[in-house]
Structures are given as structure tokens and as C-alpha cells.
Peer 1: 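Before anything else, here's the structure in question.
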Amino acid sequence: MSQASRKEILQYVLLVIFVLLTRVPFLSHGYGIDGDSWSVAITANNIHNSGIYEASRLPGYPIHEYLSSIFVKAGPIGLNGLTAVFSCIAVLFFALTLRVLRFKQIFLASITFSMVPVFYIQSTTTIDYVIALGFIMAAMYALFRDKLILSGILVGLAIGARITSGAMLIPFSILLIDNEEMKESIKRIMRLIGPALITGLFFFVPVIATYGPGFFTFYDVPYPSIAKVLYKFSIEVWGVVGFLGLLISTALLFLPERITQKKFLFPRAVNEKFVIAWLVAIDLYIIAFLKLPMESGYLIPIIPFVIMLFGKYLYNRAFIFFCGMLIISAWICTISPSDRFDAVTPSGASISFSGAGEKLYFDILKGPVISYETRRKNGIDFVDELLASFDTITTKSVIVSGKWYNQLFVQGGDTVKQKAVLVDYLQEDKAVYYYAKGYTIYYLPKQDFYNKIMRKVDLEIYKAIPYIKDDRN
């Protein structure tokens with residue numbers, strides 16, 4: 001092996017070490033602020049103990065759930081660490097793909113990818129977004145190395161981790177089209193799609209066997225306000241500084257040719273076909289997000305394609321600016337909710353204001369990563385306080401805990417606390433049962449509203465009362 005080869009390998013090893021080390025400080029405080037993260041922990045523990053598959057939530061995420069069952073006994077460090085390792089895989093194969101495409105700023109682009117706020121944050125929690133993206137990035141690298149069957153298998157694994165990963169078959173197929181050899185292109189596309197569908201279906205066999213053909217379903221939740229959708233689409237993905245960088249960089253695309261001439265970062269061989277494929281990937285996930293815009297994490301798959309798109313059209317200095325803004329964005333300046341029980345702990349430089357129907361903090365000193373970490377800690381403290389308070393209940397009670405149910409179960413270890421029974425939501429028959437048996441029905445803040453949405457049951461009919469007299473959610 002030549003000195004140059006050893007040096008290049010070392011660079012990629014150092015990239016992986018860098019990504020992993022930046023995640024380590026944020027792996028130990030629970031599984032995340034999303035109730036689904038805690039649901040994965042519960043399900044993984046059940047699978048580990050019984051060996052029988054169950055879904056953390058439908059439509060099922062079998063690859064992530066099975067992998068999590070292997071590491072669940074290590075607690076948050078084990079499950080969050082699994083996600084962190086897949087973030088390294090995603091960044092590594094992104095870098096290797098850029099190498100194949102002969103991009104001139106491989107490591108700057110890759111470090112930028114690793115630092116985009118939503119990707120950074122979700123790579124320290126127990127959720128499937130990053131797991132699926134790790135397989136997608138590996139599949140893209142295999143595709144560019146013309147290992148189409150392997151690429152298809154990796155897409156199938158991504159589907160097993162998150163079923164919406166199947167959308168990547170469309171842009172990947174575009175990359176395989178050769179207008180002059182259309183028959184050959186179709187054969188190549190089938191070599192990709194066939195293994196992907198077979199592999200994906202294989203991992204969904206236990207889901208279908210357990211839940212039947214109706215497994216393909218999602219939460220029936222109300223559509224958020226336009227302001228919240230825009231916030232999740234922009235600031236919650238890229239951060240305040242990062243989104244500003246995106247806007248400025250978009251303007252830089254229109255600089256005159258005398259400034260940008262001969263200063264681009266991709267070779268000419270990376271042509272319009274590549275751009276179309278990247279744009280299709282971005283558009284597919286944006287459309288899916290807008291259909292059900294509940295989590296900014298749904299947009300994580302667009303990040304590498306956005307970086308490549310700007311890498312294609314920004315000249316070298318403008319791309320450095322673009323990357324710098326995204327890297328900085330993880331660490332300074334954020335907007336986050338202030339009137340919640342898992343709200344951020346603000347710095348002395350924060351400003352409180354109202355927007356989109358809730359109270360918010362604008363904090364210039366704390367970026368999204370640190371702000372999210374304080375929310376994790378505050379959420380754990382709040383749940384601990386709730387669990388302690390349940391021991392003081394002296395009458396038969398049922399507590400509708402909604403979004404807090406999974407975290408209460410994990411931290412408390414059971415659904416029964418002295419005379420209190422914990423439930424997520426109440427179906428009509430259960431509400432009737434508890435009311436007839438003389439239980440006092442409590443609900444945690446805002447969960448009466450969500451019980452009406454999720455179970456079509458108005459708890460007021462059963463004289464339910466708030467467990468905490470507070471208007472926060």
C-alpha cells in the first residue's frame with residue numbers, strides 16, 4: 001500500500017472517529033423527547049425477553065426493532081449508541097460516494113452533513129431515521145460502484161428500518177438510465193429493484209404475520225398549523241443560522257459567470273441526470289413530509305442530496321460559506337418552545353416571545369444540539385417528579401398520560417403505581433369501565449384533547465380532571 005493510500009484511509013478513519021466522538025456526550029440521558037423513542041425501548045426489551053416480534057408502532061420498523069433488541073440491556077447508551085454508529089456509517093458512505101464522483105471538498109461536505117442540527121440530534125436518540133439513512137448512503141455508494149444487487153439489498157434493509165426508504169428506488173433508478181441503451185438500463189434497474197423489494201418484504205414478514213395486511217397504517221393526528229409546519233421544515237431541520245445560510249447560498253447561485261467560472265467542485269461528468277435524481281429524492285421526501293408533517297426527522301434523507309446539489313452549483317468559496325453556516329448552526333442560536341414540561345433551559349441571553357400559538361425562546365448562546373440536550377434532561381426530571389407524586393394518590397385512579405406514557409413506563413418500570421393505573425389513551429369501553437368502577441380519571445396536560453383526537457372519546461363525559469393544573473402541553 002502506498003503512502004498516499006494509507007494517508008487517505010487514515011482521513012476516512014479520522015472522519016468516522018470525529019463523528020462518533022461528537023455524539024458520545026449526548027447518548028446517556030434517556031432515549032429522546034419523542035415518545036416513539038421510548039416505545040422502541042419498550043418493544044426492544046419485549047423482543048429480547050420473548051423472542052417474539054412486536055412493532056413499536058405501525059407500520060413497523062423491524063430492522064431497527066430487532067437491532068435494538070440486541071443492545072437494549074445496555075440502556076440508553078446501547079440504543080442511542082447504535083444510532084450514533086449508523087450516523088458514522090451514513091457520513092462515511094456519503095464521503096466515499098463523493099470520492100467516486102471526484103468532488104473536491106469531500107471532508108468539508110461530510111463534516112457538514114454530520115453537523116446539520118436535525119441529523120446530529122437524531123443520531124443521539126433511539127429512533128429509526130438515521131438507521132435507514134445509513135443503509136441508503138451505503139446503497140448509493142454501491143450503486144456508483146456498479147454493485148447493483150448489493151445496492152438493492154441495502155435499499156431493502158433501509159426499507160426494513162423505515163418503509164418510506166423505498167422511495168429512494170426512484171432517484172436511484174434515474175441514475176441508471178442511459179438513453180442510448182434503454183433496454184440495458186431497464187435490466188440494470190431491475191437488478192436494483194428486485195433485490196430491494198425481496199429484501200424489504202422478507203423483513204416485513206413478521207410484521208404482516210403479526211398484524212395482518214392492515215399493518216400499513218399511521219397515526220391519525222390533526223394537521224399542525226402552517227406556522228409549525230414551516231418551522232419544522234426550516235429551522236428545526238437546519239437551525240436558525242443554517243437556514244439563513246441556505247437562503248444566502250441560494251442567492252449566491254445567481255452570481256455572474258465571471259465570478260464562478262472554472263471554480264466549481266464537481267467534474268462535468270456529474271451532469272443533469274445526477275441533479276434530476278437528487279431533486280427527485282428531495283421532492284419525494286418533502287411531499288411525504290407535507291402530507292404528515294409531524295416530525296422534522298422525516299426530512300433527514302434530503303440532507304445529503306441538498307449538500308450535493310449546492311456542491312454542484314456553488315463555486316468553491318460560496319460552498320465553504322454554505323458549509324460553515326450549517327456547521328455553526330448546530331451550536332449557536334435556536335428557537336424552541338418555552339411553555340412545556342420538557343422545555344429548554346435557556347441561557348441568560350435568551351428572549352421570550354409568542355408565535356404559532358405558543359411561547360418560545362430565542363436563544364443566541366445555545367444552539368439546537370445543547371438546547372435539545374437540556375430538554376431531554378428536563379423531561380426525565382419531570383417524569384421522575386410525576387412518578388413520585390403518584391405514590392401520594394389515595395383513591396382508585398386512572399391517569400391518561402398520552403405522549404408521556406412510554407417514558408413513564410420505562411422510568412417507572414410498570415403501569416400501576418399504588419392506586420394509580422397509567423394508560424396512554426382511553427377507548428370508550430375502558431372509559432366506561434373505569435368510570436363505572438368508581439375510578440377518578442385524570443389526564444396530563446393537553447392529553448384530554450389528544451384522547452379526543454386519537455380515540456374519539458371526550459373525557460369530560462366521564463368527569464375527568466387535570467392531574468396538573470397548568471396550561472402547558
Peer 1: Please walk me through it: do Y285 and F305 pass ring pair (Phe, Tyr, Trp, His ring centres under 6.0 Å)?
Peer 2: CA-CA 11 Å; Y285 282 98; F305 300 103; 8.1 Å; no

Peer 1: With N378, which residues qualify under side-chain hydrogen bond (donor to acceptor under 3.5 Å, both in side chains), at least two apart?
Peer 2: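 Counting only residues at least two positions away or on another chain, N378 forms a side-chain hydrogen bond (donor to acceptor under 3.5 Å, both in side chains) with T345.
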
Peer 1: Would F353 and Y361 count as a close aromatic pair, with their ring centres under 6.0 Å?
Peer 2: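 Between F353 and Y361, the centre distance exceeds or equals 6.0 Å.
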
Peer 1: List in chain and number order the residues that pass ring-ring contact (aromatic ring centres under 6.0 Å, His included) with Y141, two or more places apart in sequence or in another chain; answer none if no residue qualifies.
Peer 2: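 Counting only residues at least two positions away or on another chain, Y141 forms a ring-ring contact (aromatic ring centres under 6.0 Å, His included) with F93.
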
Peer 1: Using modelled atom types and a 3.5 Å cut-off, is there a donor and acceptor pairing between side-chain atoms of K366 and backbone atoms of T334?
Peer 2: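 The answer is no, because no donor-acceptor pair under 3.5 Å joins these two groups.
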
Peer 1: Please enumerate all residues that pass side-chain contact (heavy atoms from CB on, under 4.5 Å) together with F382, with sequence neighbours excluded.
Peer 2: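 F341, L386, W404, I468.
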
Peer 1: Okay, side chain of R376, backbone of H29: is any donor-acceptor separation there less than 3.5 Å?
Peer 2: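 The answer is yes, because a donor-acceptor pair under 3.5 Å joins these two groups.
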
Peer 1: Pick one: which of F119, Y12, F113 meets ring pair (Phe, Tyr, Trp, His ring centres under 6.0 Å) with F94?
Peer 2: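 So the option named by the test is F113.
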
Peer 1: Tell me whether F202 at atom CZ has more than 12 heavy atoms from other residues, nucleotides or ligands lying less than 6.0 Å away.
Peer 2: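 No, the 6.0 Å shell around CZ holds no more than 12 heavy atoms from other groups.
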
Peer 1: List the residues meeting salt bridge (Lys or Arg N to Asp or Glu O under 4.0 Å) with K232, not counting sequence neighbours, and say none if there are none.
Peer 2: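 Scan of K232 (salt bridge (Lys or Arg N to Asp or Glu O under 4.0 Å), adjacent residues dropped) gives E236.
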
Peer 1: So, S350 side chain and P346 main chain: donor-acceptor pair closer than 3.5 Å or not?
Peer 2: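 Such a contact is absent between S350 side chain and P346 backbone.
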
Peer 1: Might you point out which heavy atoms bring L98 and A109 nearest each other, and give the distance in Å?
Peer 2: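 Nearest pair, atom of L98 first, then A109: CD1-CB, 3.7 Å.
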
Peer 1: Do P171 and L284 make a side-chain contact, defined as non-hydrogen atoms from C-beta onward lying under 4.5 Å apart?
Peer 2: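 With C-beta onward as the side chain, the pair touches.
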
Peer 1: Is it true that atom CD1 of I364 has more than 12 heavy atoms of other residues, nucleotides or ligands lying nearer than 6.0 Å?
Peer 2: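 Check fails, neighbour count at 12 or below.
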
Peer 1: In chain order, what residues pass the salt bridge (Lys or Arg N to Asp or Glu O under 4.0 Å) check against R191, with sequence neighbours excluded?
Peer 2: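 Result, salt bridge (Lys or Arg N to Asp or Glu O under 4.0 Å) vs R191: none returned.
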
Peer 1: Whether the side chain of S114 engages the backbone of I111 through a donor-acceptor N/O pair (distance < 3.5 Å, no angle test) should be reported.
Peer 2: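 A pair under 3.5 Å: yes.
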
Peer 1: Between R57 and T43, does a side-chain hydrogen bond (donor to acceptor under 3.5 Å, both in side chains) hold up when you go through it step by step?
Peer 2: CA-CA 9 Å; R57 70 269 189 221; T43 299; over 6 Å; no

Peer 1: One thing to verify: whether D178 and R188 come together as a salt bridge, which I'm taking to mean a side-chain N less than 4.0 angstrom from a carboxylate O.
Peer 2: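 Salt bridge absent between R188 and D178.
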
Peer 1: Looking only at non-hydrogen atoms, find the nearest pair between P337 and L360 and report the distance.
Peer 2: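 It is CA-CD2, 3.7 Å.
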
Peer 1: Which residues pass the ring-ring contact (aromatic ring centres under 6.0 Å, His included) test with W238, sequence neighbours left out?
Peer 2: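 Not a single residue meets the ring-ring contact (aromatic ring centres under 6.0 Å, His included) criterion with W238.
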
Peer 1: Go through the steps for K403 and K446 under the test side-chain contact (heavy atoms from CB on, under 4.5 Å), then give the verdict.
Peer 2: CA-CA 10 Å; K403 61 170 281 190; K446 298 293 185 183; over 6 Å; no

Peer 1: Counting distance only, does the side-chain N/O of D339 pair as donor-acceptor with the main-chain N or O of K359 below 3.5 Å?
Peer 2: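 Not a single qualifying donor-acceptor pair exists.
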
Peer 1: Search all heavy atoms of P301 against all heavy atoms of L133 and return the closest pair with its distance.
Peer 2: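 Minimum heavy-atom separation between P301 and L133: CA-CD1, 4.0 Å.
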
Peer 1: Taking all heavy atoms of D128 and all of A161, pick out the closest pair and write down the distance.
Peer 2: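 Answer, listing the atom of D128 first, then A161: CB-O, 3.6 Å.
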
Peer 1: Look at the side chain of S69 and the backbone N and O of A44, then say whether any donor-acceptor pair between them is shorter than 3.5 Å.
Peer 2: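 Not confirmed, S69 side chain does not pair with A44 backbone.
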
Peer 1: Per the side-chain contact (heavy atoms from CB on, under 4.5 Å) rule, which among F103, Y313, Y315 passes with L265?
Peer 2: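 Going through the options one by one, the only one that passes is F103.
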
Peer 1: Under a 4.5 Å cut-off applied to non-hydrogen side-chain atoms, are L192 and L143 in contact?
Peer 2: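 Contact flag for L192/L143 side chains = yes.
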
Peer 1: Testing the basics here: between S123 and S87, what is the closest heavy-atom pair and its distance to 0.1 Å?
Peer 2: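 Of all heavy-atom pairs spanning S123 and S87, the closest is CB-CB, 3.4 Å.
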
Peer 1: Taking side-chain hydrogen bond (donor to acceptor under 3.5 Å, both in side chains) as the test, write out the residues that go with Q122, two or more places apart.
Peer 2: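 Partners of Q122 under the side-chain hydrogen bond (donor to acceptor under 3.5 Å, both in side chains) test: T125.
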
Peer 1: Please enumerate all residues that pass side-chain contact (heavy atoms from CB on, under 4.5 Å) together with T126, with sequence neighbours excluded.
Peer 2: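 Checked T126 against side-chain contact (heavy atoms from CB on, under 4.5 Å); matches are Y31, S37, V40, H64, L79, N80.
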
Peer 1: Just how far is it from atom CG of L148 to atom NZ of K187, taken to the nearest 0.5 Å?
Peer 2: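 Those atoms lie 13.5 Å apart.
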
Peer 1: Answer whether the closest heavy-atom distance between the side chains of F264 and K312 falls below 4.5 Å.
Peer 2: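 A side-chain contact under 4.5 Å is absent here.
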
Peer 1: Report the residue from F233, Y223, Y298 that forms a side-chain contact (heavy atoms from CB on, under 4.5 Å) with P293.
Peer 2: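 That would be Y223.
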
Peer 1: By ring-ring contact (aromatic ring centres under 6.0 Å, His included), which residues pair with Y231, not counting sequence neighbours?
Peer 2: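 In terms of ring-ring contact (aromatic ring centres under 6.0 Å, His included), with neighbours along the sequence ignored, Y231 is linked to no residue.
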
Peer 1: Over 60° means perpendicular and under 30° means parallel, so tell me whether F26 and Y120 are parallel, tilted or perpendicular.
Peer 2: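 Ring orientation of F26 relative to Y120: perpendicular.
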
Peer 1: Mind checking side-chain hydrogen bond (donor to acceptor under 3.5 Å, both in side chains) for D34 and listing every partner two or more places apart, or none if nothing turns up?
Peer 2: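 For D34 there are no side-chain hydrogen bond (donor to acceptor under 3.5 Å, both in side chains) partners, ignoring immediate neighbours.
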
Peer 1: Would you say that more than 12 heavy atoms from the other residues, nucleotides or ligands in this model lie under 6.0 Å from the CD of Q11, or not?
Peer 2: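 Counting neighbours around CD of Q11, more than 12 heavy atoms of other residues, nucleotides or ligands fall under 6.0 Å, so yes.
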
Peer 1: Using side-chain contact (heavy atoms from CB on, under 4.5 Å) as the criterion, list what pairs up with F274, not counting sequence neighbours.
Peer 2: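 Once residues adjacent in sequence are excluded, the partners of F274 under the side-chain contact (heavy atoms from CB on, under 4.5 Å) criterion are L101, F144, L175, V270, N271, W278.
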
Peer 1: Has R102 got a side-chain atom pairing as donor or acceptor with F266's backbone, closer than 3.5 angstrom?
Peer 2: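 Not a single qualifying donor-acceptor pair exists.
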
Peer 1: Quick one: closest heavy-atom pair of I235 and V240, and the distance?
Peer 2: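 Scanning both residues, the minimum pair turns out to be CG2-CG2, 3.8 Å.
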
Peer 1: Please enumerate all residues that pass ring-ring contact (aromatic ring centres under 6.0 Å, His included) together with F310, with sequence neighbours excluded.
Peer 2: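 So F310 forms a ring-ring contact (aromatic ring centres under 6.0 Å, His included) with F322.
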
Peer 1: Taking the side chain as everything from C-beta on, heavy atoms only, tell me whether S329 gets closer than 4.5 Å to P117.
Peer 2: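 SC-SC contact between S329 and P117 confirmed.
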
Peer 1: CG of D36 to CH2 of W38: how many Å apart, nearest 0.5 Å?
Peer 2: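 That separation rounds to 13.0 Å.
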
Peer 1: Backbone N or O of L246 within a donor-acceptor pair of the S249 side chain at under 3.5 Å?
Peer 2: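 Not at all, since once roles are kept as given, no pair shorter than 3.5 Å links the two residues.
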
Peer 1: Report the residue from T199, L169, L150, I136 that forms a side-chain contact (heavy atoms from CB on, under 4.5 Å) with V155.
Peer 2: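 Of all the options given, the one that passes is L169.
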
Peer 1: Judged by modelled atom types alone, do D363 and S347 share a side-chain donor-acceptor pair under 3.5 Å?
Peer 2: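 Judged by distance alone, the side chains do pair up.
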
Peer 1: Tell me whether T22 contacts the main-chain N or O of V19 through its side chain, where contact means a donor paired with an acceptor under 3.5 Å.
Peer 2: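 Flag set: sc T22 to bb V19 pair under 3.5 Å.
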
Peer 1: Donor-acceptor pair, S151 side chain versus K147 backbone, under 3.5 Å?
Peer 2: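 Answer holds: no.
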
Peer 1: With rounding to the nearest 0.5 angstrom, report the OG1 to CE distance, T112 to M325.
Peer 2: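 If we round to the nearest 0.5 Å, T112:OG1 and M325:CE are 12.5 Å apart.
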
Peer 1: For a 4.5 angstrom cut-off between non-hydrogen side-chain atoms, does L201 reach I208?
Peer 2: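 L201 reaches I208 side chain to side chain.
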
Peer 1: If you define the side chain from C-beta out and look only at heavy atoms, does anything of N406 sit under 4.5 Å from I42?
Peer 2: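 Answer yes - side chains close enough.
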
Peer 1: Going by distance alone, is a donor N or O of one side chain under 3.5 Å from an acceptor N or O of the other, for T83 and R23?
Peer 2: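 Judged by distance alone, the side chains do not pair up.
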
Peer 1: Does F203 reach the side chain of I159, with side-chain heavy atoms less than 4.5 Å apart?
Peer 2: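 Sidechains of I159 and F203: no contact.
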
Peer 1: Would you say the side chain of V118 lies within less than 4.5 Å of the side chain of I303, judging by non-hydrogen atoms?
Peer 2: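 Heavy-atom side-chain distance check passes, below 4.5 Å.
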
